[in-house]
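Please read the structure below before turning to the comments.
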Amino acid sequence: GSNSAKQQVSKDYKYGSITIPAKDGSVCNAPNYIAYEKGFFKKNGLKANLVANPRDISDLEAGFASGKYDAQNGDFQYLPAIQNGAQIKAAGGIHQGCIKLLVPKNSSIKNVKDLKGKTIGIPAQGSTPQYVTSIALQHAGLDPKKDVSWKVFSTDLLAKAAQKGEVDAIGTVDPYAYQAQKQNGFKTIIDNNNYSGNKEMAKMGMKKKGSCCYLYISNKLIQSNSKKAKAIVKSYQEAASWINKHPEETAKIELAKGYVSKTKFINVANVSQIIKDEHFNLNLSKGKSDLSYYISQLKQAGYLKKDTKNAELLKQAYWNPKLDN
Amino acid sequence: MLETVTLSKKQRIKAVKQDKAETKYWKPWRTTWNILSLVALMAAYAENQFVPAQELVNNGAYKWFLIAYFIYLVVVYAVGSVIHGRIRVYSGHFAQLNTILGLLLVVQDLITEKFAIIKLPFFVSFAQILDQIKTDQKLLIASTWSSLGLWLISFVIGTLIGVILGLFMGRYRQFNYWSFPFLKVIGIIPAAAWMPLTMVIFPTSYLAEIFLIAFAVWFPVAFMTIGGVQSISTDYFESAKTLGFSEFQILRKVVIPGALPNIFIGIFTAMGLSFTMLVISEMIGAKVGLGWYINWAKGVGNYTQVYAAIVIMAVLFSVIFSFLNKLQEYALRWRKRSN
Amino acid sequence: MLETVTLSKKQRIKAVKQDKAETKYWKPWRTTWNILSLVALMAAYAENQFVPAQELVNNGAYKWFLIAYFIYLVVVYAVGSVIHGRIRVYSGHFAQLNTILGLLLVVQDLITEKFAIIKLPFFVSFAQILDQIKTDQKLLIASTWSSLGLWLISFVIGTLIGVILGLFMGRYRQFNYWSFPFLKVIGIIPAAAWMPLTMVIFPTSYLAEIFLIAFAVWFPVAFMTIGGVQSISTDYFESAKTLGFSEFQILRKVVIPGALPNIFIGIFTAMGLSFTMLVISEMIGAKVGLGWYINWAKGVGNYTQVYAAIVIMAVLFSVIFSFLNKLQEYALRWRKRSN
Amino acid sequence: MVQLTVQNVNRVLHDNAGQRINVLEDINFNVNSGEFISIIGPSGCGKTTLLRLISGLDQPEEGQLTVDGKPITHPDVSRGYVFQHGSLFPWETIKENISSGLKAVYGRHYDKKLVDHYIDLMGLKGFESAYPHQVSGGMAQRAALARSIVLRPELLLLDEPMGALDAFTRADVQNVIQRVWKQTRTTMILVTHDIDEAIYLGTRIIVMTPRPGRIKEIVTNPLTFPRDRTSDDFLKFRRTIQDKLNFGVTEN
Amino acid sequence: MVQLTVQNVNRVLHDNAGQRINVLEDINFNVNSGEFISIIGPSGCGKTTLLRLISGLDQPEEGQLTVDGKPITHPDVSRGYVFQHGSLFPWETIKENISSGLKAVYGRHYDKKLVDHYIDLMGLKGFESAYPHQVSGGMAQRAALARSIVLRPELLLLDEPMGALDAFTRADVQNVIQRVWKQTRTTMILVTHDIDEAIYLGTRIIVMTPRPGRIKEIVTNPLTFPRDRTSDDFLKFRRTIQDKLNFGVTEN
Ligand SMILES: Nc1ncnc2c1ncn2[C@@H]1O[C@H](COP(=O)(O)OP(=O)(O)OP(=O)(O)O)[C@@H](O)[C@H]1O
Ligand SMILES: Nc1ncnc2c1ncn2[C@@H]1O[C@H](COP(=O)(O)OP(=O)(O)OP(=O)(O)O)[C@@H](O)[C@H]1O
Ligand SMILES: [Mg+2]
Ligand SMILES: [Mg+2]
């Protein structure tokens with residue numbers, strides 16, 4: 001039974017199957033869902049297996065190292081882990097910012113400089129919101145290690161913590177950020193989504209069209225079967241551009257197929273707005289230059305080792321699939 | 001002097017059962033309370049029907065739940081008032097509790113969806129949870145089966161390993177000397193720290209999941225089993241020897257039954273832990289499952305779904321718990337019941 | 001017939017102590033094993049010193065550890081060979097284990113940093129962990145204190161609540177009737193599901209953390225306490241009554257001491273749980289702490305740090321465990337020791 | 001001077017099958033102040049049930065029990081009870097056990113000398129700080145006795161306090177009881193299976209029959225003090241009681 | 001026909017304080033096949049210690065024990081042992097307990113009729129599927145006896161099997177033992193505190209003294225069967241033994 005089923009797979013799918021930890025209910029995992037639902041994986045000869053996402057980097061890393069996972073889209077927060085030996089490489093930024101630093105409605109904090117001496121809530125030590133905030137703090141001449149203190153809350157509780165006054169500001173991600181803005185009147189201090197090249201944002205170190213999430217591929221796969229890895233990249237590329245063109249339809253698929261759980265707030269209108277704002281597009285060369293920028297920033301902020309050789313780390317962290325087209 | 005009155009065997013067994021039911025369910029049958037509990041449920045229905053809601057809820061599932069609950073009570077009370085058996089004892093005992101539950105249903109409905117004193121998203125009414133279960137029923141059924149299968153296989157493996165290790169460590173002090181220090185160290189490593197290692201060590205993530213749950217089980221079981229074996233009176237070992245038991249027979253006929261009461265304590269302790277680990281372990285590689293469902297719902301902060309999964313887990317837990325309780329009662333039927 | 005030989009009190013107490021030590025630490029004092037264990041440690045040092053490493057490690061801390069271990073053994077062996085007391089019994093018993101530990105140190109060092117048979121980042125040598133502890137010592141000390149404080153306060157609160165609830169539920173069946181169903185339901189809700197609610201309910205996140213840990217503690221403690229109270233022979237209650245005890249005195253002098261053995265089982269069970277919850281609860285609102293440290297290290301994939309925190313937790317756990325053990329031994333000194 | 005009266009007492013219990021058992025039927029007797037009553041009868045004849053009624057731990061379905069004319073409604077320190085299976089609190093030392101009743105009744109300022117006195121009298125010196133499991137069965141029973149006696153009850157109920165002891169230790173505890181009885185003149189009611197014991201200690205002996213538990217006969221003990229277990233009078237009276245219990249011929 | 005010989009046996013144990021106790025000193029006696037030996041002596045004189053040596057559960061520091069000339073090195077089914085505190089397995093029913101030795105020795109195809117026979121003989125019919133805690137103490141001890149007897153041991157060691165029973169039940173179990181002994185002619189050695197019991201059952205009585213445990217005297221029982229506990233001969237012999245134990249005069 002299973003043997004012939006395998007043969008069936010290899011006949012229909014040139015490169016066999018891949019496993020992607022994607023099913024975590026998040027909106028911006030759209031490329032996984034769309035590549036699967038719209039047949040981009042299949043078209044490129046891949047039988048995709050979408051499974052739960054452990055979210056915890058160390059668990060993901062172990063999954064990649066042991067060959068249980070093949071690809072995933074994730075934030076640039078993986079950089080320190082890669083430096084510590086995680087067997088994954090980024091292959092192009094996949095969409096733009098979904099990270100924001102918010103303050104409650106009546107907060108006296110008006111800009112990054114006001115954050116001095118304040119407590120900032122973040123989902124985890126070493127999470128992207130912490131890094132984004134740190135970059136902005138650095139650009140404002142503040143030391144992210146000394147001038148602010150960080151307090152950890154799980155993502156769903158950050159807004160609550162700020163409302164209760166446990167923290168002065170929160171670094172968070174969409175859709176939680178979007179919801180806090182819309183429903184609870186949180187004000188944005190930092191937004192890493194600088195699609196238009198806003199000068200204010202650029203001053204805070206948010207690059208124009210800067211990638212936020214990357215497509216990550218297992219080192220093992222890149223080394224053992226680069227064609228298959230390329231096929232993955234292609235699938236995501238096609239999915240991303242499809243999403244960019246059809247944000248509304250993407251939102252509908254996410255909600256209808258149960259990738260994202262429906263709530264009063266998480267509806268087609270809001271989800272498609274989030275997707276629209278994120279400007280999905282798998283950009284290979286831009287992704288690399290952004291990553292290089294993040295490496296220098298994180299090193300300066302002390303999140304990477306002091307003796308980091310930027311170019312070496314970039315090589316370790318980035319793979320250019322050199323797609324034919 | 002052998003004139004002790006000998007009850008027939010059947011009589012004795014029946015008597016014991018009745019007696020047990022009566023000491024466990026001790027509240028007497030009172031018609032007043034039976035009626036009150038029905039009234040409370042009717043009140044819950046009426047309140048839900050007539051008080052206007054501030055939140056948007058589909059109360060259909062909740063109403064059916066109330067009707068089913070009502071019918072169930074009517075039936076057991078009817079049976080109980082005719083037949084003087086276990087049903088009467090049982091339903092008489094719980095009538096007061098049912099009354100309060102009815103009132104609690106009214107209260108929770110009022111303070112959540114009706115007057116929104118405590119609000120969404122963190123606080124939801126029971127009606128909303130039931131409606132969520134109805135909406136997601138397909139996914140939830142698939143998740144329940146998947147989780148149950150994973151749990152069962154892991155729990156059995158964990159228990160077996162725990163019992164075997166515990167028996168050996170309790171019986172053979174050389175074995176204990178060499179293994180206890182290592183097991184102690186391994187046992188206190190929190191599961192979260194294990195997760196990456198298990199992913200690296202085990203070939204498939206399903207095996208890693210099984211390991212994580214089994215791991216949460218074997219430690220308390222082994223720990224309790226050791227204590228159980230060590231508490232067996234040496235008299236039993238010595239009589240076994242004078243009766244010609246081999247070492248294997250001693251293990252099977254003295255060590256295992258003697259440690260069984262403690263083994264059950266270990267198993268019950270492990271139950272709660274195993275459910276916690278189920279939720280955690282389903283974050284690696286599961287496609288469906290109650291733990292996965294909770295994590296998924298948390299992805300956008302849909303607490304109604306989280307609560308829906310918890311209600312199902314609570315029901316599952318209760319069912320497994322009472323099954324294990326029955327098993328324990330049977331396996332330890334040789335014990336004198338206290339009181 | 002009163003001519004039973006009466007040992008002097010002091011003599012008896014000393015005798016009991018000695019005896020206890022001997023049955024627990026039963027391996028006899030053998031000079032060969034003592035020497036072997038010292039040799040094994042020397043081998044570990046030599047191996048670390050002379051075999052070239054494949055990974056970049058600072059072995060300084062590890063070497064000091066080996067030297068300290070060696071000196072410790074030399075001292076206890078020296079004392080043991082002169083004075084026939086507890087130290088001799090204890091160190092004699094553990095000589096074989098120390099030998100194997102020495103050899104294990106050699107093996108783990110070889111397969112990790114020396115020959116890299118199992119590799120970074122998931123597998124690290126003990127030397128690397130020790131070096132990490134040394135590097136992060138400031139942060140780790142602060143974290144340890146913070147976690148210890150949080151744990152202690154939560155554990156005490158949880159235990160108290162568990163014991164009080166358990167005593168009342170075990171003693172008063174009306175109380176049991178009304179509270180048990182609710183406690184059962186509350187008890188099986190996984191802690192992860194509690195997290196959002198605690199944030200909403202408690203004014204500060206520190207209180208929420210305390211709640212989460214205390215919550216993991218009180219359930220097993222209460223559960224065991226109930227069983228403990230119910231297992232107390234009615235004889236004791238009745239003699240208390242004929243001796244003129246008031247209800248309060250019965251609680252204090254019969255119910256509490258009678259349930260104490262079970263309470264301790266509950267406390268030991270809760271220990272492991274509370275450490276797991278410590279790691280989880282430090283995800284809300286912590287600025288420092290071992291759980292926070294682990295989560296942070298996991299976030300950047302630095303397993304050496306994860307292991308470093310675990311080593312510290314394991315040490316902490318052992319210390320608390322043996323303290324609780326001593327406490328139990330004292331509190332239950334009235335019990336007949338089995339064997 | 002009548003102290004305890006037991007009038008037309010019936011005690012009905014239900015067995016596991018829910019059937020009525022008349023455990024005690026039509027029990028009538030009086031006990032005078034200072035008497036030593038031995039109750040003897042086979043296992044299950046209701047001896048413990050009767051003592052529990054007298055102590056007030058249980059209430060009879062019919063009939064009345066009074067002490068000095070007042071009905072017995074609940075346990076009281078004036079009626080000491082030494083249980084069949086020594087029920088010293090295992091978590092208290094011998095001394096704590098003996099003083100526990102005093103502490104409960106008089107608070108912290110109880111008469112510590114009294115405790116020491118009885119520790120002496122019961123031959124428990126040197127074992128004050130031992131726990132019950134660390135002393136022999138005989139010592140534990142002497143301590144249980146002291147725990148009740150030290151409260152100076154008017155009436156002391158002894159439910160086979162020597163049932164679990166070997167013959168030698170038993171003789172020793174019997175002597176202790178007799179000594180206490182003589183010194184304090186406390187009224188005592190002793191339940192026992194042992195004919196020798198009943199005769200050796202009792203001034204009157206109540207012989208019971210089982211199913212339903214009834215009083216067969218109340219026999220006044222003709223023996224004077226000091227009593228000798230090997231004397232001919234003792235053996236003769238022993239045979240009388242044995243006959244009343246239909247106990248003696250053995251081969252079946 | 002000598003079966004068991006005990007020669008110059010010494011048993012030395014260490015107490016909690018680490019001090020040597022000579023528990024048994026210079027024990028010498030022979031037991032012939034078919035005899036019924038009663039061993040009597042006060043608590044702590046080493047009776048249990050001696051039985052354990054005979055069974056092979058322990059080894060003496062000095063001296064030798066042999067059965068039919070072969071030294072005793074380990075417990076064996078040919079030497080049954082009924083423990084002081086009935087050690088029926090509480091997790092097996094009465095019937096399972098009685099057959100457990102047979103099952104262990106003969107596997108699944110043991111003689112089931114034999115089990116039924118002894119259940120009958122011991123008056124346990126109707127209680128086959130009861131668990132030990134559900135039957136009375138007397139029944140439990142009869143079952144423990146049956147469990148050993150059913151293995152047809154050559155020698156049966158009885159360590160106060162009736163110590164925990166009341167006088168009435170005790171007489172009953174004594175009769176059962178006597179009946180089994182007469183029917184099977186198994187050699188039996190009974191340890192007891194109870195003089196009546198020792199006399200009623202034994203063909204010879206070994207009187208022991210404590211600290212160190214020594215044999216004071218071995219007395220041959222002059223009484224013939226059937227024996228009557230109330231006969232004058234019985235009482236006379238009882239007084240002889242009582243005197244040897246320095247036991248009788250009571251008031252101190
Ligand atoms: N709580 C109870 N419920 C039902 N039956 C009981 C209860 N207590 C005692 N009995 C029954 O009442 C009868 C008398 O019991 P009781 O304990 O008074 O006897 P006893 O003379 O003290 O016996 P023993 O000498 O064995 O102590 C027995 O048949 C017993 O089974
Ligand atoms: N394992 C042991 N270690 C030290 N002393 C022991 C041990 N076993 C028995 N003794 C001591 O040996 C003596 C004899 O014990 P044994 O149990 O043989 O007496 P016994 O005659 O059977 O007493 P009883 O009639 O109370 O059963 C006692 O003083 C006892 O304290
Ligand atoms: Mg009784
Ligand atoms: Mg003995």
Side-chain angles (χ1 to χ4, degrees), chain A residues 19-29 48-69 81 86-87 154-160 172-180 183-184 254-255 257-267 270-271 274, chain B residues 55-57 119-122 124 128 132 135-136 138-140 142-143 146-147 150 191-209 212 279-306 308-309:
Chain A
T19 305
I20 301 164
K23 291 182 73 177
D24 58 0
S26 72
V27 173
C28 44
N29 260 340
N49 239 334
L50 303 187
V51 297
N53 180 359
R55 294 219 183 95
D56 209 336
I57 295 164
S58 58
D59 300 332
L60 279 169
E61 198 183 324
F64 279 111
S66 61
K68 289 186 185 62
Y69 304 146
Q87 297 300 304
S154 62
T155 319
D156 53 339
L157 300 176
L158 278 169
K160 196 79 209 169
T172 185
V173 297
D174 281 332
Y176 288 102
Y178 192 64
Q179 187 163 2
Q183 288 197 319
N184 305 318
E254 283 194 333
L255 292 169
K257 296 273 178 178
Y259 289 108
V260 173
S261 163
K262 263 178 275 194
T263 69
K264 211 159 65 173
F265 184 80
I266 303 294
N267 52 31
N270 284 329
V271 171
I274 292 170
Chain B
E55 288 167 5
L56 197 70
V57 200
K119 277 196 272 288
L120 288 172
F122 294 110
V124 299
Q128 282 159 307
Q132 186 75 57
T135 313
D136 287 356
K138 256 185 156 168
L139 187 57
L140 281 172
S143 291
S146 161
S147 291
L150 175 63
W194 271 114
M195 276 178 74
L197 274 187
T198 53
M199 298 262 293
V200 174
I201 294 166
F202 289 93
T204 76
S205 48
Y206 197 68
L207 284 178
E209 288 170 47
L212 282 171
V279 176
I280 296 176
S281 78
E282 278 185 347
M283 284 167 79
I284 50 171
K287 284 185 168 183
V288 73
L290 290 172
W292 168 83
Y293 182 89
I294 289 176
N295 285 316
W296 169 72
K298 278 193 154 184
V300 293
N302 189 339
Y303 290 102
T304 315
Q305 285 181 321
V306 174

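So you know, we letter chains A, B, ... as the sequences are listed, proteins then strands, and number each from 1.
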Quiz item: With respect to chain B, which residue among A:Asn49, A:Thr155, A:Leu60 yields the maximal number of heavy-atom pairs within a distance under 4.5 Å?
Solution: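 Max contact count across the listed options: A:Asn49.
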
Quiz item: Who among A:Ser261, A:Ala62, A:Pro175 has the most heavy-atom pairs with chain B under 4.5 Å?
Solution: A:Ser261

Exercise. Would you check, one step at a time, whether the test side-chain contact (heavy atoms from CB on, under 4.5 Å) holds for B:Tyr206 with B:Leu150?
Key: CA-CA 8 Å; B:Tyr206 197 68; B:Leu150 175 63; 3.8 Å; yes

Quiz item: How about B:Tyr293 and B:Leu140: do any of their side-chain heavy atoms sit closer than 4.5 Å?
Solution: yes

Quiz item: Can you find a heavy atom in the side chain of A:Thr263 that is under 4.5 Å from one in the side chain of B:Tyr303?
Solution: no

Tell me, for [X] versus chain B, whether the close heavy atoms (under 4.5 Å) come from the side chain, the backbone, both or neither.
{"X": "A:Phe265", "answer": "neither"}
{"X": "A:Ile266", "answer": "side chain"}
{"X": "A:Lys68", "answer": "side chain"}
{"X": "A:Lys262", "answer": "backbone"}

Quiz item: Going through the distances and angles, do A:Tyr69 and B:Ile284 end up as a side-chain contact (heavy atoms from CB on, under 4.5 Å)?
Solution: CA-CA 10 Å; A:Tyr69 304 146; B:Ile284 50 171; 3.9 Å; yes

Exercise. Just jot down the side chain to side chain contact (heavy atoms under 4.5 Å, CB included) partners of A:Asp24, sequence neighbours excluded, or say none.
Key: A:Ser26, A:Asn29, A:Tyr33, A:Asn53, A:Arg55

Quiz prompt | Which portion of B:Thr204 sits near chain A, non-hydrogen atoms under 4.5 angstrom | solution = backbone

Self-check item: Contacting region of B:Phe122 [heavy-atom separation from chain A under 4.5 Å]
Solution: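 Looking at B:Phe122, just its side chain touches chain A.
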
Practice problem: Mind ranking B:Gly301, B:Pro203, B:Ala286 by heavy-atom pairs under 4.5 Å with chain A and telling me who comes out on top? | Solution: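 Highest number of pairs under 4.5 Å: B:Ala286.
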
Quiz item: Who wins among B:Ile201, B:Val200, B:Leu139 for the most heavy-atom pairs under 4.5 Å with chain A?
Solution: B:Val200

Quiz item: To the nearest 0.5 Å, what is the distance between CG (A:Leu158) and OG1 (A:Thr172)?
Solution: 5.0 Å

Self-check item: Residue pair B:Asn295, B:Glu282: steps toward the side-chain contact (heavy atoms from CB on, under 4.5 Å) verdict
Solution: CA-CA 9 Å; B:Asn295 285 316; B:Glu282 278 185 347; 5.6 Å; no

